[in-house]
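The structure under discussion appears below in the form of structure tokens.
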Amino acid sequence: VVAVIPIVLNRDRNISVANYRELAGNGQLLVTSIFATIQGEGPLAGGGCVFLRLAGCNIGAKEDCPWCDTYFDFDGGRVMRVEVVLAEIREKLNGSVLVVVTGGEPLLQWEVMSAMMADATDLAWQFETNGLLLKDGVTRDILTHPNKAIRVVVSPKVPATLGKYRAIPAHWHELAEVLCLKYVVEDNPHSNYHQPGPVRAHEHLPALDTYVSGMAVYRRQLRPGEVANIWDDTLIDPVRTRSNYNHAARIVMDHPGLYWLSLQTHLFAGVE
Ligand code: SF4
């Protein structure tokens with residue numbers, strides 16, 4: 001059973017690595033936006049950073065995650081040379097060294113990102129990915145990369161056609177020191193997202209660091225440039241959102257030491 005979601009925000013078509021081939025050959029990225037903010041979720045939550053939001057997603061039609069609230073339209077992306085992207089990031093960092101690379105799906109443009117990070121080993125890079133493209137080759141690249149400050153947050157999605165989470169690939173454990181999982185949950189017992197997914201590939205392997213995050217429920221589509229704010233009940237449904245946050249907290253309390261609660265701090269602060 002799929003969750004009942006009142007509003008689907010920013011639907012797009014599904015994009016593949018091939019859609020970026022020419023850009024990659026020219027050392028270019030397709031970018032949605034670059035902005036200074038705080039990291040809202042996961043192990044570095046609360047830290048000042050710059051977000052590099054890349055355009056396009058391999059689940060752009062959102063059949064697996066209709067609650068996604070980010071804008072990442074492939075055709076609305078800006079083509080930018082890596083030097084220009086890096087210069088804009090440095091200008092906005094304002095003394096911080098943390099760059100959060102998100103999307104859409106940032107691993108669609110891994111090749112160019114990898115080259116860019118090799119030229120910026122003074123900066124720390126955190127990828128937020130759905131994990132579908134975190135294949136063996138990318139794991140090897142990260143483990144051998146000249147930039148030793150690359151971290152990965154995987155937020156796995158439930159395939160709508162499968163109705164349950166995929167198994168965790170065993171090679172993700174090779175990244176255990178730099179990788180964590182984040183599961184979005186909602187209190188609706190019929191939702192595919194009622195419970196978090198697996199935390200390890202095999203029984204004998206230790207669990208990966210795993211965060212559980214309550215789903216924020218939107219009442220309407222965001223207007224261009226509008227910043228979401230949890231205190232604005234014309235935008236976010238406070239009753240359903242509070243219930244989802246409470247559900248996430250109870251999952252953590254029922255499994256102390258296995259899960260960690262992650263709230264969307266940026267929504268509380270009213271920043272992008
Ligand atoms: S994979 Fe992530 S960015 Fe893409 S639609 Fe789903 S939640 Fe949004």
Side-chain angles (χ1 to χ4, degrees), residues 2-20 29-35 37 39-42 51-78 99-110 113 126-135 138 151-166 168-169 172 179-186 188 191-194 196-197 210-218 221-222 226 228 236 241 244 248 262-264 266-267 272:
V2 178
V4 180
I5 303 293
I7 302 287
V8 178
L9 307 169
N10 306 316
R11 196 184 283 281
D12 193 13
R13 62 200 161 99
N14 292 342
I15 296 300
S16 75
V17 175
N19 292 94
Y20 301 90
L29 286 166
L30 194 63
V31 175
T32 295
S33 55
I34 304 171
F35 55 95
T37 184
Q39 170 57 301
E41 298 182 75
F51 260 56
L52 169 58
R53 187 178 300 289
L54 298 178
C57 180
N58 49 357
I59 319 180
K62 297 191 173 183
E63 61 275 9
D64 296 350
C65 35
W67 37 265
C68 161
D69 63 356
T70 52
Y71 175 78
F72 52 78
D73 188 65
F74 179 79
D75 296 305
R78 212 172 12 139
V99 186
V100 179
V101 190
T102 184
E105 174 45 56
L107 296 186
L108 283 163
Q109 301 187 73
W110 170 255
M113 281 306 307
Q126 185 183 33
F127 282 76
E128 298 200 336
T129 169
N130 59 38
L132 290 175
L133 298 171
L134 186 55
K135 312 260 194 214
V138 176
R151 302 178 73 136
V152 182
V153 177
V154 180
S155 181
K157 305 297 180 278
V158 178
T161 48
L162 199 61
K164 60 177 189 178
Y165 282 101
R166 297 174 182 86
I168 298 232
W172 287 9
L179 181 144
C180 69
L181 304 171
K182 186 189 73 183
Y183 288 109
V184 177
V185 295
E186 65 171 330
N188 174 2
S191 166
N192 288 337
Y193 289 98
H194 185 57
T210 303
Y211 293 83
V212 177
S213 176
M215 191 184 295
V217 180
Y218 287 77
Q221 181 90 33
L222 293 172
E226 190 173 27
I236 292 179
T241 301
N244 290 342
S262 179
L263 301 179
Q264 290 115 331
H266 57 293
L267 290 183
E272 192 175 356

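Counting convention: from 1, in listed order, for ligands and their atoms alike.
Side-chain N or O atoms of Arg11 include one that pairs as donor or acceptor with a backbone N or O of Ala61 at under 3.5 Å.
Within the 4.5 Å cutoff, no side-chain heavy atoms of Pro156 are placed close to those of Arg166. Tyr20 places a side-chain heavy atom less than 4.5 Å from the side chain of Phe74. A heavy-atom distance below 4.5 Å is found between the side chains of Val184 and Ser155.
For the ring pair (Phe, Tyr, Trp, His ring centres under 6.0 Å) test, no residue two or more places apart in sequence or in another chain qualifies with Tyr71.
Close approach of ligand 1 to Lys157 is summarised as follows: ligand atoms under 4.0 Å from at least one heavy atom of the residue are 2 (Fe), 6 (Fe), 7 (S).
Residues Val158 and Gly163 come closest through the heavy atom pair CG1-C, 3.5 Å.
For atom 8 (Fe) of ligand 1, protein N/O/S neighbours under 2.8 Å (waters excluded) are Cys68 SG.
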